[in-house]
Structures are given as C-alpha cells and as structure tokens.
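Computed over heavy atoms, backbone and side chain alike; hydrogens, waters and symmetry mates excluded.
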Amino acid sequence: MKKILLLILTCIYSLSYAQPNVKTIGPLTGTSSANYGPFVQLSAGSTLTSSAHSYLYTASELTIPAGSTITKLEWLKISPVGTSGTLKLYLKNTSVETITTSTFGSILSGATMVYDNPNLVVPTQANGWITCDISPFIYGGNTLQLTTNWNRSSTSTGAIKFHRINAGNKVVGIASTTPLTLATNLVGPNYGNLRPTLRITYTLPDTTCDLEVGNIVGPSQACQYEVVNLSLSAKPVSGATYTWMSSYDSLNFSVVDY
C-alpha cells in the first residue's frame, strides 16, 4: 500500500512584533480651509449637515510598500471648534490617478467600508488629530482611493478647518443640507481639487514566513512497514518548526510518530 509523506512548515510569528509606520501627506502649517474634508463645517449656524469627499493618493505620494496593512487614518484639525456626527470611511485599491465629477454610488463601487462611527465626537481642542482606527486594509501598491461620508448631528458652532495641499484632479466632494444618495454628484469646484493633511499608520508586509523549505530527501519508493530515513535538503530556519505527516490516500493526513 502506498503511503504519502507530507512536511508541514509552521512559522512562529506574533502580530505584536509588527512595528507601525507613519506616512503624512500634506503640510502641518500654513493655509487652511473648511471646504475640503474629511467633513464640511463652514461656519456657525451653517445648515450644511452632510458631506462626502473622495481622494486619490498615488503610489509615488504614498511610498508605502505593496502588501502593507493600513490600520489608522488621521486628520489635523486646527480650529478650536467641536462637533459630532456619523463618519464613514471607505478605501479602495485602484489604478486610476485622476478623478472627475462622479456619482457617490460609482465612487463607492468596489470600495471597502473600513470605519463606521455613528457618534464621532470631535473635541474643541485646536491643533489635534482626529483619529480613526480602521478595520485593517491591505494596500495593493498602486493608487489608494479614500472616501469619506459625514452626517452632522450637533449644531454647527463655527468653521472647522484643516491644513490643505493642492491636488488638482485628485479630489471630488460635495456638501448638502440633506443626506447624500448614491445618485449625488461629487464635483471638483468648491469642494474638490484640494486635500486636507492626512496621516496614515500602517504595518509592513509579513515576510517572516517566506522560507525555502527545500526538498524531502529519501528513497523514491518503499514498501509497507519498511523503515525509511527522510531529511530536508535545506537547513532548518530559526523560528520555524517542521512536522512530518503521513497519508495512505493523499486526502487524510496524520502526524507521524517518531
């Protein structure tokens, strides 16, 4: 009866060892505005309660290795004004590097919602980061599309401004007195073409398990109950364990007794 042997390689690795990295895109001083997101609050008593923006960040801007895991998104609010509301964030890997007028529905197509906070409370403290711990998202290596959707629940007590950077044809947005629909157009003028400073926290791809196992060295065939000696052609790697398993049908395996 034929007996099949399989070598299982187990890599011992803990996510706690993954060190976070930070990438900031945009200035920390200088010109600021309340029009360009991540949400819109233009003035005290403003009736604009809903807004959305979609930003493109190219690979050359991000300089983040493909396969990295994005875990946090942050914006630097400079106004001493607070607010509260619902904030949703979406991420999408894409190959496009420019964006023009698009419906909210088309922008969200293929995107992953990574953050949904029904009660985001923005403190009145000035010059503080608005931090959103998102569901882990794997960056694909090309353009990253980040879309925000905001619905304010508290009264507007003043303009909330963010530092900004020119980004023509990389941003569209809209603000409204009513919640947005999938048919709402996000446009460049008034709410686009500029991006607020963004800080991205990410961990590098886990390459600790990219190991060469090598080839199993042993006889080409053996009879049942015959004792055979097997070995690996590659030197065992520190941090990895090797387990021999056997099967008579190549479907069901069990650990080999030593």
Rounded to the nearest 0.5 Å, what's the gap from [atom1] on [X] to [atom2] on [Y]? Could you check?
X	Y	atom1	atom2	value
R152	T47	CZ	OG1	8.0 Å
L42	K161	CG	NZ	10.0 Å
S135	L91	OG	CG	10.0 Å
L194	S32	CG	OG	11.5 Å

Closest non-hydrogen atom pair between [X] and [Y], with its separation:
X	Y	answer
P136	T69	CB-CG2, 3.6 Å
A52	L180	CB-CD1, 3.3 Å
Y115	T131	OH-O, 4.4 Å
P205	G67	CG-C, 3.5 Å
G140	A66	O-CB, 3.7 Å
V96	T143	O-OG1, 2.9 Å

Does a side-chain heavy-atom distance below 4.5 Å link [X] with [Y]?
X	Y	value
I200	L62	yes
I174	L186	yes
T197	T24	yes
T71	P20	no
K92	T147	no
K23	I25	yes

Between [X] and [Y], is there a shared hydrophobic cluster once you connect ILVMFWY residues whose side-chain heavy atoms come closer than 4.5 Å?
X	Y	result
I130	L73	yes
M113	L89	no
L56	I134	no
I70	L204	yes
V171	L144	yes

Determine whether a donor-acceptor pair (N or O, by modelled atom type, separation under 3.5 Å) exists between the side chain of [X] and the backbone of [Y].
X	Y	result
H53	G173	no
N193	V172	no
Y139	N142	yes
S33	N35	yes
K77	Q125	yes
T201	V22	no
N190	A175	no
R164	T31	no
S68	Y202	no
S156	S43	yes

Under 3.5 Å side-chain donor-acceptor pair for Q41 and S46:
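S46 and Q41 do not have a side-chain donor-acceptor pair below 3.5 Å.
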- [ ] Say whether S153 and S84, considering side chains only, have a donor N or O and an acceptor N or O under 3.5 Å apart.
- [x]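 Side chains of S153 and S84: pair found under 3.5 Å.
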Just wondering, more than 12 heavy atoms not from K88 lying within 6.0 Å of its NZ?
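Counting neighbours around NZ of K88, 12 or fewer heavy atoms of other residues, nucleotides or ligands fall under 6.0 Å, so no.
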Q | Plane angle bin for Y57 and Y55 - parallel if under 30°, tilted between 30 and 60°, otherwise perpendicular | A |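 Tilted.
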Name the orientation class of the two ring planes belonging to F39 and W150 (parallel below 30°, tilted from 30 to 60°, perpendicular beyond 60°).
->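 The arrangement is parallel - the two ring planes meet at less than 30°.
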Margin query: I want to know whether F137 and Y90 have ring centres closer than 6.0 Å.
Written below: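 Centroid distance F137-Y90: not below 6.0 Å, so no.
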| message | I need the full list of salt bridge (charged side-chain N to carboxylate O under 4.0 Å, His left out) pairs touching residues 187-199, with sequence neighbours left out, sorted by first then second residue. | response |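 Listed once each, the pairs are E61-R195, E74-R199.
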Can you pull the salt bridge (charged side-chain N to carboxylate O under 4.0 Å, His left out) pairs that have at least one residue in residues 26-35, sequence neighbours excluded?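 Every candidate salt bridge (charged side-chain N to carboxylate O under 4.0 Å, His left out) pair involving residues 26-35 fails, so no pair, neighbours aside, qualifies.
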**Request:** Apply the side chain to side chain donor-acceptor pair (under 3.5 Å) test between S50 and each candidate in N151, N149, T178, T184; give the one that qualifies.
**Result:**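 Going through N151, N149, T178, T184 one by one, the side chain to side chain donor-acceptor pair (under 3.5 Å) with S50 is satisfied by N151 alone.
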